Amino acid sequence: MFRTYKEGKWHYVTARDRIFRVCQSAGQLEFQGVDREFLTSYFALDEPYPHILAEINRDSFINEAIRKYRGMRIVRQDAWECLISFLCSSAANIPKIKTNIEGMSQFFGKEICAFGAEGYAFPNPGTIDDYDKIVQAKTGFRAKYIQAVNDAVDEAFLASLKKMPYPEAKKALKCLPGVGDKIADCVLLFSLGFTGAFPVDTWMKKILRKWYFNNEDVSEQQLQDFGMKYFGKYAGYAQQFLFMAARESP
DNA sequence: AGACAGGGGTAGG
DNA sequence: CCTACCCCTGTC
């Protein structure tokens with residue numbers, strides 16, 4: 001998610017240890033570097049999109065957001081890379097997160113290339129094992145979290161989350177240092193296929209209070225509960241549409 | 001120019 | 001509930 005760029009007609013994506021590129025035109029998706037199965041999973045193209053949109057379209061606010069941003073997808077990123085990326089996201093912005101991820105990939109990842117594009121794979125769990133280098137990747141106060149999570153997490157743990165019900169999976173993630181409600185929900189939604197997760201960040205707080213609570217003081221927990229109940233099984237999609245709308249309007 | 005607040009959040013007081 | 005956390009950017 002934080003490792004994409006566009007050059008000419010192609011969108012280049014580095015996902016864990018592979019580089020692929022996609023381009024969309026006239027309703028057709030062209031792709032190189034990965035097979036169809038990978039792409040279908042990565043962009044969650046196996047989800048019933050029209051049904052999802054109908055399901056979350058509960059009012060005129062979200063209806064307008066859907067109209068504007070129809071086509072937006074929610075990726076199923078590699079869970080490990082997603083977890084570390086969102087650990088970097090606290091009190092940060094997107095360029096900063098990109099710098100962190102790129103830095104750690106250069107320090108700990110192996111070189112990869114495809115279509116003349118060169119880069120570094122995102123390092124495996126257990127291999128982000130040098131605190132000084134984590135700091136050198138400009139991660140700041142997040143470095144200690146990254147180190148601890150690197151030591152605590154393996155692929156088996158991440159795979160096990162997929163089989164759990166939402167509340168348990170979230171609880172397990174929140175046991176990790178540096179992972180609270182928001183980051184846990186982002187990992188669940190953007191990598192583990194929990195479409196009902198509803199991450200509440202500052203943008204969501206603003207827009208939800210404005211549109212659904214008459215600008216009253218509402219706790220984060222209340223906003224989160226509201227989002228999940230009101231939008232249902234695909235609340236995560238609603239979250240993304242509202243998020244886009246929130247970021248655009250002043 | 002140089003200080004200063006605040007950022008897609010969390011842990012600890 | 002409120003602040004420190006590291007560091008970069010936008011603003012006065």
Side-chain angles (χ1 to χ4, degrees), chain A residues 1-5 62 65 69 72-79 81-104 106-107 128 130-153 169-192 194-195 197-213 216-228 231 235-250:
Chain A
M1 256 198 294
F2 299 103
R3 306 186 77 190
T4 67
Y5 63 94
I62 185 114
Y69 302 109
M72 179 216 63
R73 292 281 176 169
I74 293 186
V75 293
R76 287 204 283 262
Q77 206 196 354
D78 174 76
E81 184 173 344
C82 187
L83 172 58
I84 300 297
S85 299
F86 280 100
L87 268 183
C88 294
S89 76
S90 61
N93 49 35
I94 290 164
K96 180 170 172 56
I97 301 166
K98 285 183 174 174
T99 301
N100 295 159
I101 296 303
E102 207 47 50
M104 285 189 285
Q106 287 182 21
F107 281 128
I128 309 182
D130 182 326
Y131 181 77
D132 290 335
K133 286 182 182 168
I134 301 173
V135 172
Q136 282 174 50
K138 304 183 191 300
T139 50
F141 65 84
R142 306 155 196 85
K144 56 180 182 290
Y145 299 143
I146 295 168
Q147 184 186 38
V149 168
N150 173 69
D151 292 344
V153 165
K170 181 162 177 181
K171 204 159 143 195
L173 277 169
K174 281 178 68 177
C175 288
L176 299 171
V179 179
D181 279 295
K182 196 269 180 181
I183 293 178
D185 277 326
C186 285
V187 174
L188 292 170
L189 179 60
F190 299 127
S191 73
L192 294 168
F194 287 85
T195 55
F198 192 84
V200 176
D201 59 26
T202 54
W203 295 98
M204 288 306 289
K205 279 181 224 165
K206 267 183 233 174
I207 204 81
L208 290 174
R209 279 186 185 136
K210 184 172 159 191
W211 283 353
Y212 299 99
F213 292 91
E216 287 162 36
D217 261 341
V218 197
S219 75
E220 253 168 74
Q221 189 58 57
Q222 277 176 286
L223 292 173
Q224 151 116 49
D225 291 344
F226 163 77
M228 292 191 55
F231 293 110
Y237 279 84
Q239 191 271 2
Q240 278 302 287
F241 281 110
L242 293 175
F243 179 79
M244 305 274 280
R247 295 211 60 168
E248 192 215 353
S249 67

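Everything numeric here is computed off the predicted structure, so don't read it as measured data. So you know, we letter chains A, B, ... as the sequences are listed, proteins then strands, and number each from 1.
For the contact set between residues 91-101 of chain A and DNA chain B, defined by any heavy atom under 4.0 Å, the members are A/Ala91, A/Ala92, A/Ile94. Within residues 133-145 of chain A, the residues that place at least one heavy atom under 4.0 Å from DNA chain C are, in residue-number order, A/Lys138, A/Gly140, A/Phe141, A/Arg142.
Of all non-hydrogen atoms in A/Leu189 and A/Thr195, the two that sit nearest each other are CD1-CA, 3.9 Å. Closest approach of A/Trp211 to A/Ala245, counting heavy atoms only: CH2-CB, 3.9 Å. Minimum heavy-atom separation, A/Phe198 to A/Met228: CB-CG, 3.7 Å.
Among the duplex regions that DNA chain C forms, those built from at least three successive Watson-Crick or G-U pairs under 3.5 Å are B:2-7 with C:7-12, B:9-13 with C:1-5, ordered by first number.
Across all strands shown, A/Phe243 has heavy atoms under 4.0 Å from base atoms, whether or not it also approaches the sugar-phosphate. If you check every strand for non-hydrogen atoms under 4.0 Å, A/Leu176 touches sugar and phosphate atoms only.
Between the OG atom of A/Ser89 and the CD1 atom of A/Ile97 there is a distance of 5.0 Å, given to the nearest 0.5 Å. Here A/Ile62 contributes atom CD1 and A/Tyr237 contributes atom OH; the two are 13.0 Å apart, rounded to the nearest 0.5 Å.
If you take atom P in B/dG8 and the same atom in C/dT11, they sit 14 Å apart, rounded to whole Å. Comparing the P positions of C/dC7 and B/dA1 gives an interatomic distance of 24 Å, to the nearest angstrom.
Within the 4.5 Å cutoff, no side-chain heavy atoms of A/Phe243 are placed close to those of A/Pro199. Put simply, the side chain of A/Val149 reaches to within 4.5 Å of the side chain of A/Pro177, judged on heavy atoms. Side-chain contact between A/Met104 and A/Ile128 is present, with at least one heavy-atom pair separated by less than 4.5 Å.
Once you apply a 4.0 Å limit to the heavy atoms of chain A, the touched nucleotides of DNA chain B run 5' to 3' over B/dG7 to B/dA11. Of all nucleotides in DNA chain C having an atom under 4.0 Å from a heavy atom of chain A, the first and last in 5' to 3' order are C/dC5 to C/dC8.
Between A/Phe190 and A/Pro177, it is A/Phe190 whose nearest contact on DNA chain B lies nearer the 5' terminus. Mapping A/Lys206 and A/Glu220 onto DNA chain B via the closest heavy atom, the residue that lands nearer the 5' end is A/Lys206.
When the ring-ring contact (aromatic ring centres under 6.0 Å, His included) test is applied to A/Phe2, the partners found at least two apart in sequence or on another chain are A/Phe86. In this structure, the salt bridge (charged side-chain N to carboxylate O under 4.0 Å, His left out) partners of A/Arg76, at least two apart in sequence or on a different chain, are A/Asp46, A/Glu47. By the side-chain hydrogen bond (donor to acceptor under 3.5 Å, both in side chains) test, A/Tyr212 is found to be paired with A/Asp59, residues two or more places apart in sequence or in another chain being considered. For A/Phe213, the ring-ring contact (aromatic ring centres under 6.0 Å, His included) test picks out A/Phe226, with sequence neighbours left out. Residues satisfying the ring-ring contact (aromatic ring centres under 6.0 Å, His included) criterion with A/Tyr131, sequence neighbours excluded, are absent altogether.
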Show me the side-chain donor-acceptor pairs of residues 178-186 of chain A shorter than 3.5 Å, one per line, residues at least two apart or across chains.
| unit_1 | atom_1 | unit_2 | atom_2 | d |
| --- | --- | --- | --- | --- |
| A/Asp181 | OD1 | A/Lys170 | NZ | 3.1 |
| A/Asp181 | OD1 | A/Lys174 | NZ | 3.2 |
| A/Asp181 | OD2 | A/Lys174 | NZ | 3.4 |
| A/Asp185 | OD1 | A/Tyr166 | OH | 2.6 |
| A/Asp185 | OD2 | A/Lys170 | NZ | 2.9 |
| A/Asp185 | OD2 | A/Gln224 | NE2 | 3.3 |

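Among pairs with a residue in residues 133-146 of chain A, none fulfils salt bridge (charged side-chain N to carboxylate O under 4.0 Å, His left out), at least two apart in sequence or across chains.
Checking A/Gln221 against A/Asp225 by side-chain atom types alone, a donor-acceptor pair falls below 3.5 Å.
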